[in-house]
Number of protein chains: 2
Amino acid sequence: MKMAQLSAVSDTPIATIKFYQRENLLPVGERTGPNQARYDSTHLRRIRLVRGLIDVGGLSVAAARAVIEAIDSELPLSETFGVAQRSVSDLLDPAGIDAGALARVDAIMAGWCVSADNPGRLAAASVLETFDEIGHVDHRGWFAAYASAALLVAEADLDEVDALPDREAKAETVVVGTVLGDALFSGLRRAAQEHVSALRYPATHPNPARVTEPPEE
Amino acid sequence: MKMAQLSAVSDTPIATIKFYQRENLLPVGERTGPNQARYDSTHLRRIRLVRGLIDVGGLSVAAARAVIEAIDSELPLSETFGVAQRSVSDLLDPAGIDAGALARVDAIMAGWCVSADNPGRLAAASVLETFDEIGHVDHRGWFAAYASAALLVAEADLDEVDALPDREAKAETVVVGTVLGDALFSGLRRAAQEHVSALRYPATHPNPARVTEPPEE
DNA sequence: CTGGTATAGACAGTAAAGCTATCCGATAGC
DNA sequence: GCTATCGGATAGCTTTACTGTCTATACCAG
């Protein structure tokens, strides 16, 4: 496959493909001459991965490069998890986070075994701090529901990774699952909000909304 | 309170406060003279809300303006929900989404009552499409776990809003909950991944990670 | 074998977003 | 009166993610 075809089939401008190569998001093609190279399905797949991470997952180019390097590396899987996790959240200075908010996060995650510098823990604390500053307090265990849900999802994530055969597949699923999983959940959550709201307040949904087929079992 | 104090107490540069005023994210102060104005705690609160939406929630300035206008308006709560939902996801063209991916989302959301153009439904479908293009298929009900978790969270969100007294409080919670809720969940999810992973593979976590206090009941 | 198109690689240019800095005339408070 | 600060307007800056242009080849249809 030549450049023009790769561009056509991936629906990505040639200039952008060249940019991704410069940024080490995409390997250069197999050289067949001084100004000729050939591309194959691995390049196509990589372009789709990059665009998925950037467009759907919302990663920056730099973050996408970091997770792609983690997939390609031979690092242990737990390291890959760490890279993926850091890629989806800007790095927070642990010192800059309110101790009270951290304590509340830890209360919500009661019984969990999580290292002190886990980026998710710090990110959650800074969210709680923000809720606090705006004057929103969790009276009724609102946030605890988030923790139960997060645990449910994390179990499913690990189940999925465990079921895969080799490191390469596991690593890519860890990254893709971490990045796209956030996007998937937030989409489903918004749909669920409409569903729950429609159930509770039928009056404000006068025109019957779409109902998906209930499972037939 | 004068500009310098507002800047100091909100930890936001004067130039940035002026920028927010220009962008209609923040009302101008109460005028006390041709070139003097006074600010109060509502301005401080608003600055914190704006910074929370932008820094923690990751909204653009334009999206932050949209949701703030929705809070201030007298629109029915269901409209406010819609504005908040659209603010967290770039608008997707329903025509550009793979029908197969949409069908799979609908299968995951079996029995839910959701309108066809719900932005969350479309966003989830485009995530599934991306999973597909990269060659990740959901064999074992991975995504169904996301849907159950999303339902759990949506119930909690609605519970929280229902418990509030007036429209103003409900509207702000809808917006803040939608925007910051995504960030909170993804943080907790990442912490939960470490927890689950530590439970399943103690060997790769040689140094005992932090364990939060289990509930004492 | 020849001319139009494609190619790799280097590098400059662009557009949007989100601030940030400077200037101006006026005024507040000592 | 003097100096710091004010509101308001406008211009400039920095980063990010491309996009376009240029050059020297190389492929390929006729």
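Below, chains carry the letters A, B, ... as their sequence lines are ordered, and counting in each starts from 1. Being a predicted model, the structure only gives us computed values, none of them experimental.
Looking at residues 59-68 of chain A, you'll see that no heavy atom sits under 4.0 Å from any atom of DNA chain C. In the region residues 13-26 of chain A, proximity to DNA chain C at under 4.0 angstrom, judged on heavy atoms, holds for A:Lys18, A:Arg22.
A distance-only check finds a donor-acceptor pair linking the side chain of B:Arg189 to the backbone of A:Thr178 [under 3.5 Å].
Annotation: side chain of A:Asn118 is in contact with side chain of A:Gln85 (closest heavy-atom distance under 4.5 Å).
A salt bridge does not link A:Arg51 to A:Asp11: none of the charged side-chain nitrogens sits closer than 4.0 Å to a carboxylate oxygen.
Across the protein-nucleic acid pair, B:Asp90 atom CG and C:dA17 atom P stand 12 Å apart, rounded to whole Å. What separates CD of B:Glu30 from P of D:dG7 is a distance of 13 Å, to the nearest Å. Between B:Met1 atom CE and D:dT5 atom C1' there is a gap of 17 Å when expressed in whole angstrom units. One interatomic measurement links the two molecules: CD of B:Gln5 to C1' of D:dC6, which rounds to 13 Å at whole-angstrom precision.
Among residues two or more places apart in sequence or in another chain, the side-chain hydrogen bond (donor to acceptor under 3.5 Å, both in side chains) test is passed with B:Trp142 by A:Asp157. Every side-chain hydrogen bond (donor to acceptor under 3.5 Å, both in side chains) that B:Ser10 has, sequence neighbours left out, goes to B:Thr12. Remark: B:Glu30 engages no residue in a side-chain hydrogen bond (donor to acceptor under 3.5 Å, both in side chains) (not counting sequence neighbours).
When all heavy atoms of B:Thr80 and B:Leu75 are compared, the pair lying nearest together is OG1-O, 4.2 Å.
For the pair B:Arg51 and A:Ala37, nearest-nucleotide mapping onto DNA chain C gives the more 5' position to A:Ala37.
Considering only side-chain N and O atoms, B:Arg31 lies under 4.0 angstrom from the phosphate OP1 or OP2 of D:dG8. Listed pair A:Tyr39 / C:dT7 fails the phosphate criterion, with no side-chain N or O lying under 4.0 Å from OP1 or OP2.
Between A:His136 and A:Phe131, the two ring planes are perpendicular [angle over 60°; tilted spans 30° to 60°].
Atom CG of A:Asp162 has more than 12 neighbouring heavy atoms from other residues, nucleotides or ligands inside a 6.0 Å radius.
With no hydrogens or angles considered, no side-chain donor-acceptor pair links A:Arg46 and A:Thr42 at under 3.5 Å.
With values rounded to the nearest 0.5 angstrom, B:Thr32 atom OG1 is found 9.0 Å from B:Lys2 atom NZ.
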Write out a two-atom table: protein N or O, nucleotide N or O from nucleotides 27-30 of chain C, distance below 3.5 Å.
residue, atom, partner, partner atom, Å
C:dT27, O4', B:Asn35, OD1, 3.3
C:dT27, O4', B:Asn35, ND2, 3.4

